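In this text the structure is predicted, and so the values were computed from the model without any measurement. Sequential numbering from 1 along the given sequence is applied to the chain's residues.
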Amino acid sequence: MENGFRSFCSLLTYALGLLIISCLRQSNATQLYDNLGGSKLGGCDFFQGSWVEDDAYPLYNSSACPFIEKEFDCQGNGRPDKLYLQYRWKPVACELPRFNGEDFLTRFKGKKILFVGDSLSFNQWQSLTCMLHASAPRSNFTYSRKGGLSTFTVMDGEVSVKLSRNPFLVDLVTEKKGKVLKLDSIENGRDWKGYDMLIFNTWHWWTHKGSQKPWDYIQEGKTIQKDMDRLVAFRKGLTTWSKWVDTNVNPNVTEVFFQGISPVHYNGREWNETKSTCNGQTQPINGSSYPGGPPPAAAVVRDVLRNMKVAVTLLDVTALSQLRKDGHPSIYGSDGKVGNDCSHWCLAGVPDTWNELLYATLISQGKAMN
């Protein structure tokens, strides 16, 4: 009897130990989520869910957005199908708040917003400008581009939404020996100061090789080389950016976001269609998981953000965008049928959801910026 009681106590102790470990793991996972500036509303993770059809979408008509870029205007470029326009992102445990442009403009009255990054930043910035224009079509606005800086301003609400094209965040400089990507230099950062919200992005150009490689040399300190492992270089560059944010951003004044890695759909094997690309795709992948798994760069982003002093909100758009193999311009981009763009996104389309997530995050964090 005594031996049986001891065995029971041992089993009970073991079970309690497992329960405690499970609770600690859950607590650590929650803490990690919080450190990344996670977006939750009543415990709902905005970034876990699936796409559902909704005939209330799209949020705007691309033909009514007077400054839409040709490369994103798939309908204007002759795309015949329209079902891809009518999907809404549905988180597992809640409804995503519908974007309210008038409320957005009220929250940011008198404020300045800056997107910094590559053409995927441009994609999201362009989406937001069309969404705001559709929300307040009678408002006075200005739209201009000078060099790498594009500016959209709603004059009535005194809201400025700018885009600074900067594909690496760190410096790419032209010297006598050629173009040099400087992994530990970020002089460009002087132009990012004085904003109320910053939304950063980088990755797309770190992958280009051969004739499309954008640099001749990579430099870190005094070490100069022709090339290096791209994920290693990306981590080093992103770490330099993170140190700039930690040193130069006052989180009580400036809200900082990082647009997660935007996926491409050139390889059908990733979604079990061996010979496919995004061309001809008309529907999302069903469910909430992507067969090909996450891109390695997404883990790098999370690692770097996890170790920052300033809280940066990750707009974790990777997984939800991976499901949208139907959302790219493919042959209906700026190059027409001679190209196949499976990197950027049609507008209206997926980047509108990124901006809905941005808006929902601001609401969930209680951001009343005015």
Side-chain angles (χ1 to χ4, degrees), residues 54-88 98-166 195-197 199 201 259 262 327-336 339 341 343-359:
D54 188 333
D55 59 11
Y57 281 69
L59 298 175
Y60 58 89
N61 188 329
S62 60
S63 65
C65 185
F67 33 78
I68 193 167
E69 294 290 322
K70 180 177 175 60
E71 62 185 299
F72 307 140
D73 187 11
C74 301
Q75 289 295 302
N77 292 334
R79 181 166 176 170
D81 61 304
K82 294 187 177 181
L83 183 59
Y84 74 95
L85 295 167
Q86 296 180 317
Y87 285 97
R88 171 174 55 85
R98 187 175 174 85
F99 183 81
N100 185 326
E102 292 182 356
D103 178 63
F104 187 97
L105 292 171
T106 298
R107 287 172 182 267
F108 285 92
K109 184 175 182 179
K111 303 296 183 178
K112 296 190 297 182
I113 302 169
L114 179 68
F115 287 81
V116 185
D118 56 30
S119 53
L120 279 310
S121 281
F122 184 26
N123 223 170
Q124 185 178 359
W125 173 83
Q126 175 91 109
S127 162
L128 184 57
T129 62
C130 288
M131 291 166 73
L132 292 175
H133 177 265
S135 299
R138 295 183 179 83
S139 295
N140 294 319
F141 66 87
T142 63
Y143 183 97
S144 64
R145 183 180 302 171
K146 185 177 181 181
L149 185 67
S150 300
T151 303
F152 172 79
T153 304
V154 180
M155 305 299 289
D156 301 355
E158 303 172 1
V159 178
S160 169
V161 185
K162 295 185 178 183
L163 166 76
S164 176
R165 293 290 286 268
N166 190 318
Y195 287 88
D196 301 286
M197 185 162 71
I199 303 123
N201 153 264
Q259 174 195 326
S262 177
H328 299 283
S330 65
I331 61 173
Y332 303 104
S334 56
D335 292 331
D341 184 354
S343 298
H344 301 100
W345 303 91
C346 295
L347 295 180
V350 173
D352 303 334
T353 296
W354 301 351
N355 286 315
E356 285 189 289
L357 289 162
L358 173 66
Y359 175 68

Trainee: Ignoring hydrogens and geometry beyond distance, is a side-chain donor-acceptor pair present between Ser63 and Asn61 at under 3.5 Å?
Mentor: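 Side-chain D/A pair, Ser63 to Asn61: present.
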Trainee: List the residues meeting salt bridge (Lys or Arg N to Asp or Glu O under 4.0 Å) with Arg145, not counting sequence neighbours, and say none if there are none.
Mentor: Glu69
Trainee: What is the minimum heavy-atom distance between Tyr60 and Ser127, and which atoms define it?
Mentor: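 Here Tyr60 and Ser127 meet closest at OH-CA, 4.1 Å.
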Trainee: Looking only at heavy atoms, what is the nearest atom pair of Leu120 and Ser343, with distance?
Mentor: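 For Leu120 and Ser343, the tightest heavy-atom pair comes out as CD1-O, 3.8 Å.
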Trainee: For Asn100, what residues pass the side chain to side chain contact (heavy atoms under 4.5 Å, CB included) criterion, not counting sequence neighbours?
Mentor: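 Checked Asn100 against side chain to side chain contact (heavy atoms under 4.5 Å, CB included); matches are Glu102, Asp103, Tyr359.
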Trainee: Partners of Ser144 by side chain to side chain contact (heavy atoms under 4.5 Å, CB included), sequence neighbours excluded?
Mentor: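 If we apply the side chain to side chain contact (heavy atoms under 4.5 Å, CB included) test to Ser144, skipping adjacent residues, the hits are Thr151.
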Trainee: Which atom pair, heavy atoms only, marks the closest approach of Asp196 to Lys111?
Mentor: OD2-CA, 3.3 Å
Trainee: Does Asn355 use its side chain to pair, donor to acceptor, with the backbone of Gln124 at less than 3.5 Å?
Mentor: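 Side chain of Asn355 to backbone of Gln124: a pair is present.
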Trainee: Less than 3.5 Å apart, any donor N or O on the side chain of Asp54 or Gln86 sitting next to an acceptor on the other?
Mentor: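 No, no side-chain donor-acceptor contact under 3.5 Å.
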Trainee: Just to verify, what does Arg165 make a side chain to side chain contact (heavy atoms under 4.5 Å, CB included) with, not counting sequence neighbours?
Mentor: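 For Arg165, the residues satisfying side chain to side chain contact (heavy atoms under 4.5 Å, CB included) (neighbours in sequence not counted) are Ser119, Phe122, Leu163.
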Trainee: Once the angle between the rings of Tyr143 and Trp125 is folded into 0 to 90°, is it parallel (under 30°), tilted (30 to 60°) or perpendicular (over 60°)?
Mentor: tilted
Trainee: I need the minimum non-hydrogen distance between Arg79 and Cys346, along with the two atoms involved.
Mentor: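 Heavy atoms only, the tightest pair is NH1-SG, 3.6 Å.
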Trainee: Given 3.5 Å as the limit, does a donor-acceptor pair link the side chain of His328 with the main chain of His344, or not?
Mentor: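 Yes; judged by distance alone, with no hydrogens or angles, the pair exists.
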Trainee: Quick one: list whatever passes ring-ring contact (aromatic ring centres under 6.0 Å, His included) with Phe104, sequence neighbours left out.
Mentor: Phe99, Phe108
Trainee: Do you know which of Thr153, Ile199, Leu114, Leu132 makes side-chain contact (heavy atoms from CB on, under 4.5 Å) with Val161?
Mentor: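 Testing Val161 for a side-chain contact (heavy atoms from CB on, under 4.5 Å) against Thr153, Ile199, Leu114, Leu132 leaves exactly one candidate, Leu132.
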Trainee: Please identify each residue that fulfils side chain to side chain contact (heavy atoms under 4.5 Å, CB included) with Asn77, with sequence neighbours left out.
Mentor: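 Asn77 satisfies side chain to side chain contact (heavy atoms under 4.5 Å, CB included) with Lys70, Tyr332 once adjacent residues are dropped.
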Trainee: Provide the closest heavy-atom pair for Ala348 versus Tyr84 in the form atom of the first, atom of the second, distance.
Mentor: O-CE1, 4.0 Å
Trainee: Could you report the tightest heavy-atom contact between Cys130 and Phe67, atom names first, then the distance?
Mentor: N-CE1, 4.1 Å
